[in-house]
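Only one structure is covered here, and it is reproduced in the block below.
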Amino acid sequence: KLQFLYFIGNMVVQPVFCNGRSNIKDVATFYNDALLKEVVPFWEASVDSENGGYFTCYTPDGCYDTDKFIWLQARQVWMFSRLCEKEGATEDNRKKWQGIAKSGAEFLKKHGDDDKGDGYFSVTKEGKPLVEPYNIFSDCFMCMAMAQYYAVTGEDWALQEAQRKFARIEERKINPSGRWNKRCSTRNFQSLAVPMIDVNLSIEVCNALKLEGKEKAVLEKRILDNIKQVIQEHPDADGLLREQVAACEADQDTHEGRLFNPGHSLECCWFLLQACTERGMAKECSMVVDLAKNALEKGWDAEKGGFYAFMDLKGKPMQQLEFDQKLWWAHLEALICCLRCFIHTKDEYWWGWFEKIHEYTFTKFWDSTNGGEMWGYLARDGSVAQPIKGGKWKGCFHVPRALWFVEDLLKKIEVEGL
């Protein structure tokens with residue numbers, strides 16, 4: 001059970017709101033304090049000291065379920081391994097964070113895979129399998145985690161595991177669900193999730209392993225192929241990224257074919273903008289900025305504020321009954337996206353959106369009473385739908401990553417005098 005003795009009253013880090021860019025230093029400091037004084041301590045307390053790995057299901061009262069979700073275990077290994085490289089981190093913190101990462105990495109090594117080497121979706125707290133490897137996303141985050149863990153520890157087994165996972169993902173991504181694919185061949189769709197995560201995964205692995213030569217060239221081709229796939233195949237006629245693209249155009253006007261996920265689109269856009277910027281792909285950068293603008297304006301709830309969880313591109317009824325909820329991660333990814341677009345374009349449009357999303361996020365999702373992690377799930381009106389700090393889908397990833405990345409982007413804006 002998490003101990004909340006330091007998450008009470010006026011000790012909780014309180015949000016700082018933007019005053020144009022006149023107080024950008026204060027806003028950047030807030031993001032750093034929120035990360036290191038609230039969110040990181042919250043997840044430091046989640047380690048399962050008996051079995052290894054982490055518990056992720058929390059309310060302010062503590063842990064309410066002990067099952068372990070492999071993709072969330074891997075994300076937490078990546079996050080704490082990555083934190084060891086944060087500028088200004090003390091040696092004591094690096095040692096502590098490396099130990100936390102080690103707990104999850106060794107748990108994954110023992111319990112993460114089936115006998116074919118594919119990552120389970122979930123296991124018991126002891127590591128007994130619960131849900132089969134029905135997609136490749138556990139493997140994607142395990143690969144990213146092991147690469148980053150190797151980068152900070154030099155443990156060869158983690159490097160070998162990252163390399164094995166990376167090759168296996170390439171084998172499986174044409175049919176990510178494998179023998180657990182429940183879809184018949186009548187309709188075939190191409191998911192946005194696979195190329196977007198593959199771009200980010202390839203960048204993270206390349207940077208963590210410091211690849212050069214032929215190995216780097218393989219990843220570069222993989223990155224460029226995925227960028228091309230997203231930009232050329234996923235936008236609809238209005239420049240909105242479709243979650244699923246049908247092999248047959250006649251199948252596009254279906255629930256799946258009309259599905260739009262604003263948060264996913266904005267996260268995808270900052271992945272692509274990072275990749276295209278680093279490779280000097282000016283034309284593609286402009287295309288990605290346009291896609292991000294369309295996603296912002298389509299996905300924002302003009303009446304109640306915040307981003308819809310899901311939308312139908314033609315305004316038809318949704319299969320997802322939670323379509324009008326406001327989800328934590330979408331807003332955090334949008335913050336990163338807006339700042340990347342602002343740095344790229346120097347257009348005040350993007351700073352204006354950053355301010356709007358920042359205010360909504362830290363008015364609605366930030367828990368100014370209990371501190372620690374953000375609330376995950378809001379009703380359409382911005383009230384807390386469930387008092388969840390972590391669960392099956394929410395772990396140590398989107399919040400700490402965004403707090404860190406936004407802090408760094410704000411510092412970059414200040415240094416460059418934008």
Side-chain angles (χ1 to χ4, degrees), residues 47 51-54 68-87 89 91 93-121 123 127 133 135-173 176 194 197-226 271 274-275 278 395-397 400-401 404:
V47 177
N51 301 291
Y54 322 106
K68 293 174 180 173
F69 309 95
I70 295 301
W71 69 317
L72 296 185
Q73 299 292 305
R75 283 176 161 189
Q76 190 156 343
V77 173
W78 176 83
M79 192 71 244
F80 276 96
S81 298
R82 194 79 147 75
L83 279 168
C84 293
E85 299 179 342
K86 191 177 191 307
E87 182 180 358
E91 284 303 313
N93 275 338
R94 286 194 180 98
K95 184 177 180 180
K96 175 172 59 174
W97 295 337
Q98 187 172 316
I100 292 171
K102 183 180 181 68
S103 178
E106 293 187 344
F107 183 86
L108 290 173
K109 180 183 179 182
K110 293 177 184 176
H111 306 297
D113 289 336
D114 69 2
D115 56 6
K116 293 183 179 179
D118 296 328
Y120 289 115
F121 178 78
V123 298
N135 63 38
I136 61 171
F137 299 115
S138 290
D139 299 275
C140 288
F141 289 108
M142 288 171 77
C143 177
M144 195 161 78
M146 294 308 174
Q148 188 60 45
Y149 182 71
Y150 169 76
V152 298
T153 66
E155 295 182 18
D156 286 339
W157 72 265
L159 171 61
Q160 294 166 10
E161 187 64 10
Q163 293 169 331
R164 183 186 70 79
K165 283 288 183 186
F166 198 77
R168 183 65 177 138
I169 292 163
E170 183 67 14
E171 293 172 3
R172 290 185 66 194
K173 70 180 184 181
V194 174
I197 196 172
D198 208 21
V199 168
N200 184 244
L201 171 63
S202 297
I203 291 172
E204 289 291 334
V205 168
C206 191
N207 291 341
L209 302 185
K210 297 179 172 59
L211 298 181
E212 298 292 343
K214 291 182 179 179
E215 289 182 317
K216 184 175 182 180
V218 170
L219 265 72
E220 284 296 316
K221 183 180 185 304
R222 193 156 156 173
I223 290 167
L224 294 174
D225 287 346
N226 283 306
F271 288 172
Q274 176 188 4
E278 290 173 351
C396 179
F397 188 65
R401 182 177 72 169
W404 182 2

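The closest side-chain heavy-atom distance from Val218 to Glu170 is not below 4.5 Å. Between Val152 and Trp97 there is no side-chain heavy-atom pair separated by less than 4.5 Å. Between Asp198 and Lys173, the closest side-chain pair of non-hydrogen atoms falls below 4.5 Å. Put simply, the side chain of Met146 does not reach to within 4.5 Å of the side chain of Arg164, judged on heavy atoms. Proximity of His111 to Gln73: side-chain heavy atoms (C-beta onward) are nowhere separated by under 4.5 Å.
To the nearest 0.5 Å, atom OH of residue Tyr150 and atom CD of residue Glu161 are 14.5 Å apart. In this structure, CZ in Arg82 is found 9.0 Å from CE in Met144, a value given to the nearest 0.5 Å. Note: Ile169 CD1 to Glu171 CD = 10.5 Å, rounded to the nearest 0.5 Å. Interatomic distance, Glu204 CD to Phe141 CZ, rounded to the nearest 0.5 Å: 10.5 Å. Between atom CD1 of residue Ile223 and atom NZ of residue Lys221 there is a gap of 12.0 Å, rounded to the nearest 0.5 Å. Atoms CZ and CD, from Phe80 and Gln98 in turn, are 13.0 Å apart once rounded to the nearest 0.5 Å.
The closest donor-acceptor contact from the side chain of Asp139 to the backbone of Gly119 lies under 3.5 Å. A donor-acceptor pair under 3.5 Å is formed between the side chain of Ser138 and the backbone N or O of Tyr120. Looking only at distances, a side-chain donor or acceptor of Tyr54 sits under 3.5 Å from a matching main-chain atom of Gly104. Side-chain atoms of Arg75 do not come within 3.5 Å of backbone N or O of Cys396 as any donor-acceptor pair. The main-chain N or O of Asp118 is never found under 3.5 Å from a side-chain atom of Arg168 such that the two would form a donor-acceptor pair.
The heavy-atom pair separating Leu209 from Ala147 by the smallest distance is CD2-O, 3.9 Å. Contact record, Ala89 with Leu83: CB-O, 4.2 Å, taken as the closest heavy-atom pair. Nearest heavy atom pair, residue Ile197 against residue Cys140, reads CD1-CB, 3.8 Å. Nearest heavy-atom pair across Gly395 and Leu72 is N-CD2, 3.9 Å. Residues Phe107 and Gly127 come closest through the heavy atom pair CZ-CA, 3.7 Å.
Every residue two or more places apart in sequence or in another chain that forms a side chain to side chain donor-acceptor pair (under 3.5 Å) with Trp404 is listed here: Asp408.
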Intermediate values then yes/no, side chain to side chain contact (heavy atoms under 4.5 Å, CB included), Arg222 and Phe166: CA-CA 11 Å; Arg222 193 156 156 173; Phe166 198 77; 2.9 Å; yes

Residue pair Asp113, Lys165: steps toward the side chain to side chain contact (heavy atoms under 4.5 Å, CB included) verdict: CA-CA 10 Å; Asp113 289 336; Lys165 283 288 183 186; 2.6 Å; yes

Verdict with reasoning, Gln148 to Glu85, per side chain to side chain contact (heavy atoms under 4.5 Å, CB included): CA-CA 10 Å; Gln148 188 60 45; Glu85 299 179 342; 3.1 Å; yes

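Ion pairing between a basic and an acidic side chain is recognised when a charged N comes within 4.0 Å of a carboxylate O; Glu220 and Lys216 show no such pairing.
When each of Leu201, Val199, Asn200 is tested with Asn226 by the rule side-chain contact (heavy atoms from CB on, under 4.5 Å), just one qualifies, namely Val199. Applying the side-chain contact (heavy atoms from CB on, under 4.5 Å) test between Ser103 and each of Leu108, Val77, Asn51, Val47 identifies Val47 as the sole match.
Heavy atoms of other residues, nucleotides or ligands lying less than 6.0 angstrom from CD of Glu87 number 12 at most.
Classification of the Trp157-Tyr149 ring pair by plane angle, with boundaries at 30° and 60°, yields tilted.
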